[in-house]
Asker: 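Before I ask anything, here is the structure I am working with.
Quantities reported herein were computed from a predicted structural model and do not represent experimental measurements. Quick note: residue numbers are just sequence positions, from 1.
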Amino acid sequence: MSKDYYDFIEAVDRKTGINLSLYKEAQMKRRLTSLYEKKGYTSFTEFYSSLHQNENLLKEFLDRITINVSEFYRNVKRWEVLEQKILPDLLKEKHKIKIWSAACSTGEEPYSLAMMMLNLLPASSFTIIATDLDASAIEKAQIGLYSERSLAEIPKNMKRRHFIHQGAYYKISDDIKSCVTFKQQNLLKDRFESQFDLIVCRNVMIYFTEDAKDLLYHKFSGALGKNGILFVGSTEQIFNASKYGLVSADTFFYRKTI
């Protein structure tokens, strides 16, 4: 790691609490170098000097390091397993379900969960917490306006029932919005709540170093209640799940065993 980039990481951590050394270096450096060159800077030192003084540039930087790519029912076959197998198994044991959408981006994931849960239970029988590092992503989630593209995989009956077509966008219904509580959170630094029945954290771990992944899997396991489920992304299979007190419940679903 070059001194220029190392000093930048240290300064960003002090200013924002985000430790970039826990992200894969090659990917992060490439993303940030592209940003600072586009803005006319020639080094991380120059770039940080401006970040420190310019709130708009800092906001753009934070948007760049948080990868906000999402859609409803992303990888729809896995959502079918969640609805048809995982949730019915959870509901055999309890009648109130606590869910966390970790790194929720602009809200497609937690709103997908809310729509699915309302098919199974009244709103009073489940809670959904959704967190993300990026405050602007959370603001967009709370507004709840989405393009046609982000709804590509959503079941048609869900689309008709829970969205209002407004010009080029679709607005999520207030009934669904009221099911989700959004909060800003740094997964790597902040303490987690506990006793979750389902934690969904998908397509995020691929950006972290092996040490950061190890830390997060331990934290997620600790946040799950008895027999709770961790649902991960389709490129994020956990090969040593038992190390974290987890066992495979289905492909990309892990059940807490201890």
Asker: Main chain of Lys96, side chain of Ser125: is a donor-acceptor contact present, judged purely on distance under 3.5 Å?
Answerer: no
Asker: State plainly whether the residues Lys3 and Asp7 are in salt-bridge range, i.e. N to O under 4.0 Å.
Answerer: yes
Asker: Just wondering, more than 12 heavy atoms not from Lys15 lying within 6.0 Å of its NZ?
Answerer: yes
Asker: What are the two closest non-hydrogen atoms of Asn75 and Arg202, and how far apart are they?
Answerer: OD1-NH2, 3.3 Å
Asker: Hey, would you say the Phe72 and Tyr146 ring centroids sit under 6.0 Å apart?
Answerer: yes
Asker: Could you check whether atom NE2 of His52 has more than 12 heavy atoms from other residues, nucleotides or ligands sitting under 6.0 Å from it?
Answerer: no
Asker: Verify the distance criterion only: is there a donor paired with an acceptor across the side chains of Glu108 and Thr106 at less than 3.5 Å?
Answerer: yes
Asker: Minimum heavy-atom separation for Leu118 to Ile176, with atom names?
Answerer: CD1-CD1, 3.5 Å
Asker: Closest approach of Ala123 and Cys179, non-hydrogen atoms and distance?
Answerer: CB-SG, 4.2 Å
Asker: Checking side-chain polar atoms at under 3.5 Å, does Tyr169 have a donor or acceptor matched by the opposite partner on Ser147?
Answerer: no
Asker: May I ask you to decide if Ser101's main-chain N or O and Glu109's side chain share a donor-acceptor pair within less than 3.5 Å?
Answerer: no
Asker: Is the closest side-chain donor-acceptor distance between Gln27 and Tyr207 under 3.5 Å?
Answerer: no
Asker: For Ser136 and Asp134, test the side chains for any donor-to-acceptor distance below 3.5 angstrom and give the result as yes or no.
Answerer: yes
Asker: Will you find, in the side chains of Ser173 and Asp175, an N or O donor that is under 3.5 Å from an N or O acceptor?
Answerer: no
Asker: Can a side-chain donor-acceptor contact be found between Gln185 and Asp132 if the only test is distance below 3.5 angstrom?
Answerer: no
Asker: Among Leu32, Val12, Leu51, Ile9, whose side chain to side chain contact (heavy atoms under 4.5 Å, CB included) with Phe44 holds?
Answerer: Leu32
Asker: So, the side chain of Trp100 versus the backbone of Ala130: is there a donor-acceptor pair under 3.5 Å, distance only?
Answerer: no
Asker: Please name the pair of heavy atoms, one in Leu230 and one in Leu246, separated by the smallest distance, quoted to 0.1 Å.
Answerer: CD2-CD1, 4.2 Å
Asker: After noting the C-alpha distance and the side-chain angles of Thr127 and Thr181, does the key distance pass the side-chain contact (heavy atoms from CB on, under 4.5 Å) rule?
Answerer: CA-CA 8 Å; Thr127 57; Thr181 301; over 6 Å; no
Asker: Has Lys29 got its NZ or CZ under 6.0 Å from the middle of the six-membered ring of Tyr5, at an angle within 45 degrees of the ring axis?
Answerer: yes
Asker: Short question: side chain of Asp197, backbone of Lys98 - any donor-acceptor pair under 3.5 Å?
Answerer: yes
Asker: State whether a side-chain donor-acceptor pair under 3.5 Å links Asp4 with Ser43.
Answerer: no
Asker: Does any N or O in the side chain of Lys219 come within less than 3.5 Å of the main-chain N or O of Leu187, such that one atom is a donor and the other an acceptor?
Answerer: yes
Asker: Is it the case that atom CD in Glu55 sees more than 12 heavy atoms from other parts of the structure closer than 6.0 Å?
Answerer: no
Asker: Could you tell me whether Glu193 and Lys183 have a side-chain N and a carboxylate O separated by less than 4.0 Å?
Answerer: yes
Asker: Using only atom types and a distance under 3.5 Å, with no angle test, would you say the side chain of Asn240 pairs donor to acceptor with the backbone of Lys243?
Answerer: no
Asker: Tell me, with the steps shown, if Phe182 and Tyr111 meet ring pair (Phe, Tyr, Trp, His ring centres under 6.0 Å).
Answerer: CA-CA 11 Å; Phe182 289 95; Tyr111 288 144; 5.6 Å; yes
Asker: In this structure, are over 12 heavy atoms from other groups packed under 6.0 Å from Lys140 atom NZ?
Answerer: no
Asker: Can you name the salt bridge (Lys or Arg N to Asp or Glu O under 4.0 Å) partners of Glu210, sequence neighbours left out?
Answerer: Lys213
Asker: Is it true that Lys189 and Asp13 have a side-chain N and a carboxylate O under 4.0 angstrom from each other?
Answerer: yes
